[in-house]
J.: 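Dropping the structure in here first, questions after.
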Amino acid sequence: MGMINKKDIDENKESLSTLKIIIEIINSIGKKEQRKIIPISILCLISGLSETLSLSLILPLIQSIANPNNLLSNPYIISLGINNQLNLILISLIIFLIGLIVGTTIRIYSVFIINQWAAKVGQNISLKILKNLLNQNYEYHINNDSGDFIYTITTDTTTVSRCLRLLANSSYLLINALTIILGLFIFKPFISVYLFTTISISYILGAKLTKNILNKTSFRNAKFSRTQLKILRETLGGIKETLLSKNIQYKLNIFKDNDTLLKKTEVVQGVASELPRILIEAIMLLTICSLLIFIYFIQKDTNALFTIGTFSLGSLKMLSSLSRIYGDITIFRVKRFSLIKVLKLLNLNNNRNWREINPKKKNSFNNQIELNNISFSYKDRTNNATKIILNKINFKITKNKKVGIIGKTGSGKSTLIDLIIGLLEPTEGKIIIDGIDLNKLRNLDHKISWMKSISYVPQNIYLYDLSIKENIIQGHDESHEINTQRFNEICKISHVYEFVRDKKNGYETLIGEKGVKLSGGQKQRLGLARALYKNSDVLILDEATSALDNKTEKDILQKISLYRKDLTIIMITHRENTLVGFDEIIRIEKGEIQYQ
């Protein structure tokens with residue numbers, strides 16, 4: 001698996017602060033979700049103010065118990081007909097409870113809205129990343145690791161949703177803390193400034209101390225998490241080989257070693273996240289205690305109990321809010337590299353958005369495939385040397401013909417097919433389909449039409465953990481209406497019917513992950529049935545019958561020819577006797593055509 005590497009991270013992205021990375025991610029989510037940011041911000045403001053208000057309503061209750069005379073002598077209280085301490089306490093309690101219920105209701109509603117929005121943004125990001133990846137060319141995918149993409153889409157995008165929730169929550173907490181500070185400042189200015197200054201210095205120092213540690217462990221955590229996924233995928237994905245191998249303990253040791261490193265980074269992250277907060281809370285409590293002593297003994301406040309209660313309640317609530325904000329900031333730093341990976345895939349060059357184009361003309365192949373002086377090469381990443389795969393290839397394939405391509409492993413056969421299909425573009429030369437250059441940008445509509453007119457069957461068929469029927473019709477009919485006549489015909493032609501008829505559930509039989517319940521030959525027959533059900537003009541078989549015996553292979557090929565006489569077949573094989581009866585045979589050796 002392609003482990004995350006700092007070189008793979010865009011340097012411009014790496015230099016951004018975590019907050020700016022989140023802002024860039026938000027800027028890429030689409031106008032609809034962006035428009036919700038202002039209402040959510042207002043909701044956070046209202047939520048923060050309502051909680052502060054509900055908290056402040058406990059102060060009259062404290063004073064009504066500790067020093068009721070000041071309130072009972074208030075003209076407004078007298079005008080309400082409240083003339084004794086018990087009534088004063090009951091009224092203060094009722095007002096406090098009403099404020100508490102209203103504040104809590106607003107907070108619950110805001111939490112629901114924020115979580116709903118963050119989940120929707122996470123979904124949009126996942127879909128956009130997947131769309132961007134599907135709009136990349138085939139060469140991009142073979143040069144990158146699909147496991148890394150899967151991890152980003154499934155795990156890192158969840159991290160984005162979590163960070164957005166925390167960001168909204170931090171906004172609410174910050175409003176809450178600031179309003180408390182403002183209230184305390186109005187009540188006792190000098191003491192409030194002292195308290196706020198101490199808190200600010202403490203948190204700034206704590207953030208500075210842990211910043212580098214969290215950034216380093218963020219990268220290592222992302223690296224080890226992806227490696228762990230790779231190890232599990234390789235071990236469980238090839239479970240048959242794993243169970244039969246003599247190195248199960250070796251695989252366990254590899255997993256254990258990586259998991260140990262992963263857990264060590266989690267320990268460091270946990271300590272770096274919690275230690276400053278714990279120390280700061282201790283400092284804050286000492287500060288609050290010193291202030292209470294100052295109020296009671298130095299200032300000799302006549303209303304000391306009320307003042308002490310007010311500062312204790314306000315300070316502890318503010319301390320709780322700031323501690324949670326600090327915890328949220330820590331999570332942002334821990335997840336920094338996950339956010340960078342998401343941003344990198346969101347910003348993938350999406351100029352090849354051609355897969356969404358619906359060709360104006362019908363998906364059909366009418367005349368001829370022509371390869372004109374085709375060469376293909378690529379740069380080897382290990383030594384930066386140019387490796388030539390195909391050199392000066394020239395031939396034509398006429399519609400309705402059966403053409404075989406034969407050659408040794410590594411001779412360039414599969415690359416040639418990828419070029420014909422349109423998945424790769426030649427380094428030199430032209431691929432001309434029905435007289436039109438396939439790879440010219442202005443012919444994009446023609447290229448899409450050509451690709452949709454092909455049914456391709458590889459040697460290793462990708463099968464879904466679904467029924468036999470669903471694997472055959474998968475993705476070919478968006479209306480989900482089955483062409484029963486065609487389905488039954490192609491199942492008999494591909495010999496799928498032969499192994500299905502003995503199964504209890506017939507075509508509804510589940511085949512397991514990657515078709516684990518089927519033999520190699522049964523998988524290939526299923527792949528042939530899927531391709532035939534698509535009912536395309538061109539059928540490309542890339543070692544698609546290698547697991548079949550000669551008799552079954554010959555019978556299937558003959559039946560395909562009789563079923564669709566207008567079908568153009570291009571077949572790659574190692575076995576020359578398979579190509580008996582084909583109109584033309586092309587032999588490739590070391591990237592060049594030897595004879596036709």
Side-chain angles (χ1 to χ4, degrees), residues 134-135 137-139 141-142 352 354-371 374 376 390 393 395-405 412-426 430-440 443-462 471-478 483 486 490 493-494 524 526-545 556-557 560-561 563-573 582-584 586:
L134 292 177
N135 279 318
N137 59 32
Y138 180 63
E139 198 168 355
H141 287 278
I142 61 179
R352 298 179 60 88
W354 50 273
R355 286 174 179 81
E356 291 187 353
I357 298 173
N358 291 315
K360 295 175 183 177
K361 64 177 183 177
K362 183 184 175 184
N363 305 330
S364 61
F365 167 54
N366 300 310
N367 187 16
Q368 181 177 262
I369 304 166
E370 180 182 353
L371 275 70
I374 291 295
F376 182 82
L390 295 170
I393 301 293
F395 65 81
K396 296 177 182 179
I397 298 175
T398 307
K399 182 177 172 64
N400 304 339
K401 297 294 184 181
K402 292 193 296 181
V403 176
I405 300 175
K413 304 185 304 296
S414 293
T415 301
L416 179 61
I417 290 299
D418 290 340
L419 289 165
I420 293 172
I421 290 172
L423 292 175
L424 294 176
E425 294 185 5
K430 295 180 181 180
I431 298 174
I432 299 170
I433 309 295
D434 291 341
I436 301 173
D437 188 341
L438 188 65
N439 294 305
K440 280 195 174 179
N443 299 328
L444 204 53
D445 191 79
H446 180 72
K447 183 171 185 175
I448 298 166
S449 177
W450 162 246
M451 293 180 78
K452 289 186 176 182
S453 69
I454 297 170
S455 288
Y456 172 71
V457 190
Q459 182 177 12
N460 299 312
I461 313 297
Y462 189 88
N471 267 280
I472 292 172
I473 65 172
Q474 183 73 17
H476 293 329
D477 193 345
E478 293 181 0
N483 187 322
R486 189 199 306 167
I490 61 100
I493 291 167
S494 59
Q524 289 195 332
L526 205 54
L528 289 165
R530 180 191 290 170
L532 291 172
Y533 185 79
K534 188 179 175 182
N535 204 33
S536 303
D537 291 326
V538 181
L539 177 63
I540 297 179
L541 307 174
D542 189 352
E543 301 284 3
T545 59
I556 289 174
L557 291 174
I560 290 174
S561 297
Y563 172 65
R564 285 280 307 276
K565 293 183 178 179
D566 62 338
L567 185 63
T568 304
I569 300 175
I570 304 172
M571 184 173 189
I572 291 179
T573 183
F582 272 57
D583 300 298
E584 192 173 0
I586 299 170

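The residues of the chain are indexed from 1 along the displayed sequence.
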J.: Would Leu438 and Glu425 satisfy side-chain contact (heavy atoms from CB on, under 4.5 Å), going step by step from the backbone distance to the final call?
T.: CA-CA 9 Å; Leu438 188 65; Glu425 294 185 5; over 6 Å; no
J.: Give me the atom names and distance for the closest heavy-atom approach of Val538 to Leu567.
T.: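 Nearest pair, atom of Val538 first, then Leu567: N-CD1, 4.0 Å.
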J.: Specify the closest pair of heavy atoms between Ala531 and Ser455, including all atoms of both residues, with the distance to one decimal.
T.: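 For Ala531 versus Ser455, the nearest heavy atoms are O-OG, 2.9 Å.
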J.: Identify the heavy atoms of Asn439 and Pro426 that sit nearest to each other, and give their distance.
T.: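 Reported closest heavy-atom pair: ND2-CD, 3.2 Å.
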J.: Do Ile393 and Leu419 have side chains that get closer than 4.5 Å, going by heavy atoms?
T.: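 Of all side-chain heavy-atom pairs linking Leu419 with Ile393, none is under 4.5 Å.
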J.: Please say which of Ile454, Ile572, Leu424 ends up in a side-chain contact (heavy atoms from CB on, under 4.5 Å) with Ile417.
T.: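 The side-chain contact (heavy atoms from CB on, under 4.5 Å) with Ile417 is passed solely by Ile572 among Ile454, Ile572, Leu424.
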J.: Which value, rounded to the nearest 0.5 Å, describes the distance between Asn367 atom CG and Ile433 atom CD1?
T.: 10.5 Å
J.: Between Asn483 and Tyr533, what is the shortest heavy-atom contact and its length?
T.: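 Looking at all heavy atoms of both residues, the shortest contact is N-OH, 3.1 Å.
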J.: Flag the pair Asp566 and Lys399 as a salt bridge only when some basic side-chain nitrogen lies within less than 4.0 angstrom of an acidic carboxylate oxygen.
T.: no
J.: With sequence neighbours excluded, tell me which residues meet side-chain hydrogen bond (donor to acceptor under 3.5 Å, both in side chains) with Asp542.
T.: Ser414, Tyr456
J.: Please walk me through it: do Asn535 and Arg564 pass side-chain contact (heavy atoms from CB on, under 4.5 Å)?
T.: CA-CA 9 Å; Asn535 204 33; Arg564 285 280 307 276; 2.9 Å; yes
J.: What pair of heavy atoms forms the shortest contact from Ser536 to Ser453, and how long is it?
T.: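 The pair with the smallest heavy-atom distance is CB-O, 3.1 Å.
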J.: Nearest 0.5 angstrom please: Ile432 CD1 to His446 NE2, how far?
T.: 10.0 Å
J.: Measuring from Ile570:CD1 to Ile397:CD1, what's the distance to the nearest 0.5 Å?
T.: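 It is 3.5 Å, given to the nearest 0.5 Å.
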J.: Is the closest side-chain heavy-atom distance between Asn400 and Asp583 below 4.5 Å?
T.: no
J.: With heavy-atom distances below 4.5 Å as the criterion, would you say the side chains of Arg530 and Val457 are in contact?
T.: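 When only atoms from C-beta onward are counted, Val457 and Arg530 do not touch, as no gap falls below 4.5 Å.
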J.: Does the side-chain contact (heavy atoms from CB on, under 4.5 Å) test come out yes or no for Thr568 and Asp537, once each step is laid out?
T.: CA-CA 6 Å; Thr568 304; Asp537 291 326; over 6 Å; no
J.: Side-chain contact test, heavy atoms from C-beta onward, threshold under 4.5 Å: evaluate it for Trp450 versus Asp434 and give yes or no.
T.: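 Of all side-chain heavy-atom pairs linking Asp434 with Trp450, none is under 4.5 Å.
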J.: Just so I know, are the side chains of Lys413 and Glu543 near enough to count as touching, which here means a heavy-atom distance under 4.5 Å?
T.: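 Touching, per the 4.5 Å side-chain cut-off.
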J.: Can you tell me how far apart NZ (Lys534) and CG (Leu539) are? Round to the nearest 0.5 Å.
T.: 10.5 Å
J.: For the residue pair Asn471 and Ile461, establish whether any side-chain heavy-atom pair is separated by less than 4.5 Å.
T.: no
J.: Is the shortest side-chain heavy-atom distance between Met571 and Leu557 below 4.5 Å?
T.: yes
J.: Stepwise, does the side-chain contact (heavy atoms from CB on, under 4.5 Å) test hold for Thr545 with Leu528?
T.: CA-CA 9 Å; Thr545 59; Leu528 289 165; 4.2 Å; yes
J.: When rounded to the nearest 0.5 angstrom, what is the spacing between CD1 in Ile142 and CG in Asp418?
T.: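 These two atoms lie 7.5 Å from each other.
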J.: For the residue pair Ile540 and Ile421, establish whether any side-chain heavy-atom pair is separated by less than 4.5 Å.
T.: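 Counting from C-beta outward, Ile540 and Ile421 do come under 4.5 Å.
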J.: Report the distance from atom CD1 of Ile569 to atom CG of Leu541, rounding to the nearest 0.5 Å.
T.: 6.5 Å
